[in-house]
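Shown next, in structure tokens, is the structure this report addresses.
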Amino acid sequence: MSRGQFIVFEGIDGSGTTTQARVAAAWLRSKGVDVVETCEPTDLPVGKLIRQALARRMPGCEGEQLAPHFFALLFATDRMHHMQAVITPALEAGRWVVSDRCYLSSFAYQSIDYDLDLVRAMNHEVRRADLTFLLDLPIGQAEERIAPRELFENSPREVFENAEMLTRVRSNYLQIADLLEGEGERIVRLDAGRSREAVAADIRDTLAGLL
């Protein structure tokens, strides 16, 4: 049985991780690859709670923003369940897993107001990605992409979707990517400010090397 590959898409809000993960999965299927598409936060019980917390709609805490360490713990818990229920079984069956976000998101987002070493410790048992695409996007373009959600999708901004937070998260992503690359992880950085088609073409070229 061939070994499955764990592919993750990362980047600040608005960078296109969801779109590019979906396009990449479809392309892999067209090449005969058995693909499992997934995302974080998940649709598992803790993941659903996280989505409510991000929108400040968690039961009992409506309108409130959770403390940083609570978010870190919730994401780590959701991720471990994700690994056990979805990712590990798929990889062991020889399937490929394409995930819209994983542990690098926690490292970048939760370390804004919480110690990175503690966030990493919470995730120390998580399986590392075989390949991570880091979609890097200037903050101005990110805000331009996020704004229409409020107007046309009736989707209020989540707690991290403002210029100050996005700036800090982007900086964290770049610095932590350097750190992880130094530890042997493969991270491909792409300019997400280009057209979706141009970004997708670069992703396909990289994935082709794994087939």
Side-chain angles (χ1 to χ4, degrees), residues 1-11 15-51 53-54 71-111 116-135 173 176-190 199-211:
M1 181 183 297
S2 61
R3 176 177 177 271
Q5 296 284 310
F6 182 25
I7 312 297
V8 177
F9 286 78
E10 292 282 2
S15 62
T17 61
T18 302
T19 297
Q20 295 300 342
R22 186 181 302 121
V23 170
W27 182 81
L28 285 168
R29 289 194 183 98
S30 75
K31 300 301 179 183
V33 179
D34 188 0
V35 179
V36 172
E37 288 183 71
T38 189
C39 65
E40 292 188 5
T42 69
D43 287 325
L44 298 167
V46 178
K48 292 178 180 178
L49 190 64
I50 291 171
R51 293 181 188 280
L54 288 170
F71 269 121
L73 287 166
L74 285 173
F75 272 100
T77 302
D78 183 42
R79 186 165 298 118
M80 291 305 297
H81 192 186
H82 193 201
M83 286 284 161
Q84 179 183 32
V86 179
I87 296 172
T88 299
L91 294 172
E92 290 180 347
R95 307 175 76 185
W96 287 41
V97 175
V98 174
S99 183
D100 174 12
R101 302 189 180 281
C102 196
Y103 55 87
L104 185 50
S105 281
S106 275
F107 297 170
Y109 282 82
Q110 270 72 69
S111 67
L116 174 60
D117 289 337
L118 292 177
V119 178
R120 295 193 69 182
M122 294 177 189
N123 291 271
H124 76 281
E125 294 184 4
V126 173
R127 188 193 189 283
R128 297 307 177 198
D130 294 297
L131 173 64
T132 298
F133 289 103
L134 177 53
L135 308 182
Y173 261 125
I176 296 168
D178 287 341
L179 174 64
L180 296 183
E181 285 175 323
E183 296 174 356
E185 293 200 30
R186 186 181 180 193
I187 299 176
V188 175
R189 308 179 197 212
L190 297 173
V199 176
D202 284 351
I203 291 168
R204 287 194 300 270
D205 287 344
T206 302
L207 291 175
L210 299 179
L211 297 176

Task: Criterion side-chain contact (heavy atoms from CB on, under 4.5 Å) on F71 and L54, from CA distance to verdict - done: CA-CA 9 Å; F71 269 121; L54 288 170; 3.7 Å; yes
Open item on the list: What verdict does the side-chain contact (heavy atoms from CB on, under 4.5 Å) test give for R186 and T206, after you've listed the backbone C-alpha separation in whole Å, the side-chain angles of each residue and the deciding distance to 0.1 Å?
Closed with: CA-CA 11 Å; R186 186 181 180 193; T206 302; 3.7 Å; yes
Open item on the list: Test side-chain contact (heavy atoms from CB on, under 4.5 Å) on R95 and V35; report intermediate values, then the result.
Closed with: CA-CA 6 Å; R95 307 175 76 185; V35 179; over 6 Å; no
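With a 4.5 Å cut-off on side-chain heavy atoms, W96 and V36 do not count as touching. Using a 4.5 Å heavy-atom cutoff, the side chains of L210 and I7 are in contact. When side chains are defined from C-beta on, L49 does not count as touching P41, because their heavy atoms never get closer than 4.5 Å. V188 is not listed as a side-chain neighbour of T132, based on a closest heavy-atom distance of 4.5 Å or more. Counting heavy atoms from C-beta on, the side chains of V97 and Q5 never come closer than 4.5 Å. Within the 4.5 Å cutoff, the side chain of L190 has no heavy atoms near those of the L134 side chain. Two residues are said to be in side-chain contact when any heavy atoms from C-beta on lie closer than 4.5 Å; V8 and L104 fail this criterion. Contact annotation: the side chain of W27 never approaches that of I203 to less than 4.5 Å [non-hydrogen atoms, C-beta and beyond].
No donor-acceptor pair under 3.5 Å is formed between the side chain of T17 and the backbone N or O of F9. The backbone N or O of F107 lies less than 3.5 Å from a partner atom in the side chain of S111, making a donor-acceptor pair.
A24 and L207 get closest at one heavy-atom pair: CB-CD1, 3.9 Å. Residues D130 and F6 share a closest heavy-atom pair of OD2-N, 2.7 Å. Considering every non-hydrogen atom in both S106 and N123, the closest pair reads CB-ND2, 4.4 Å. In this structure, V98 and A21 approach most closely via the heavy-atom pair CG1-O, 3.6 Å. Minimum interatomic distance between Y109 and G11 (heavy atoms only, all atoms of both residues): OH-O, 3.9 Å. Smallest separation of non-hydrogen atoms from H124 and A121: ND1-O, 2.8 Å.
Remark: R128 is positioned above the aromatic ring of Y103, its terminal NZ or CZ atom under 6.0 angstrom from the ring centre and at most 45 degrees off the axis.
M83 contributes atom CE, which lies 7.5 Å from atom CZ of R127 (distance to the nearest 0.5 angstrom). For the atom pair CZ of R204 and NZ of K31, the computed distance is 9.0 Å after rounding to the nearest 0.5 Å. Rounding to the nearest 0.5 Å gives a distance of 6.0 Å between CG of D100 and SG of C39. Between atom OG1 of residue T18 and atom CZ of residue R101 there is a gap of 7.0 Å, rounded to the nearest 0.5 Å. F75 CZ to Q110 CD: the interatomic distance, rounded to the nearest 0.5 Å, is 5.5 Å. Taken from CG in L179 to CG in L116, the straight-line distance is 7.0 Å, to the nearest 0.5 Å.
A salt bridge links E183 to R120: at least one charged side-chain nitrogen sits closer than 4.0 Å to a carboxylate oxygen.
Counting non-hydrogen atoms of other residues, nucleotides and ligands closer than 6.0 Å to CD of E181 gives a total above 12.
Among residues at least two apart or in separate chains, side-chain hydrogen bond (donor to acceptor under 3.5 Å, both in side chains) pairs with a member in residues 36-47 are R29-E37, T38-H82, E40-R79, E40-H82, T42-D78. Among pairs with a residue in residues 17-27, none fulfils salt bridge (charged side-chain N to carboxylate O under 4.0 Å, His left out), at least two apart in sequence or across chains.
For the residue pair S105 and E10, a side-chain donor N or O sits within less than 3.5 Å of a side-chain acceptor on the partner.
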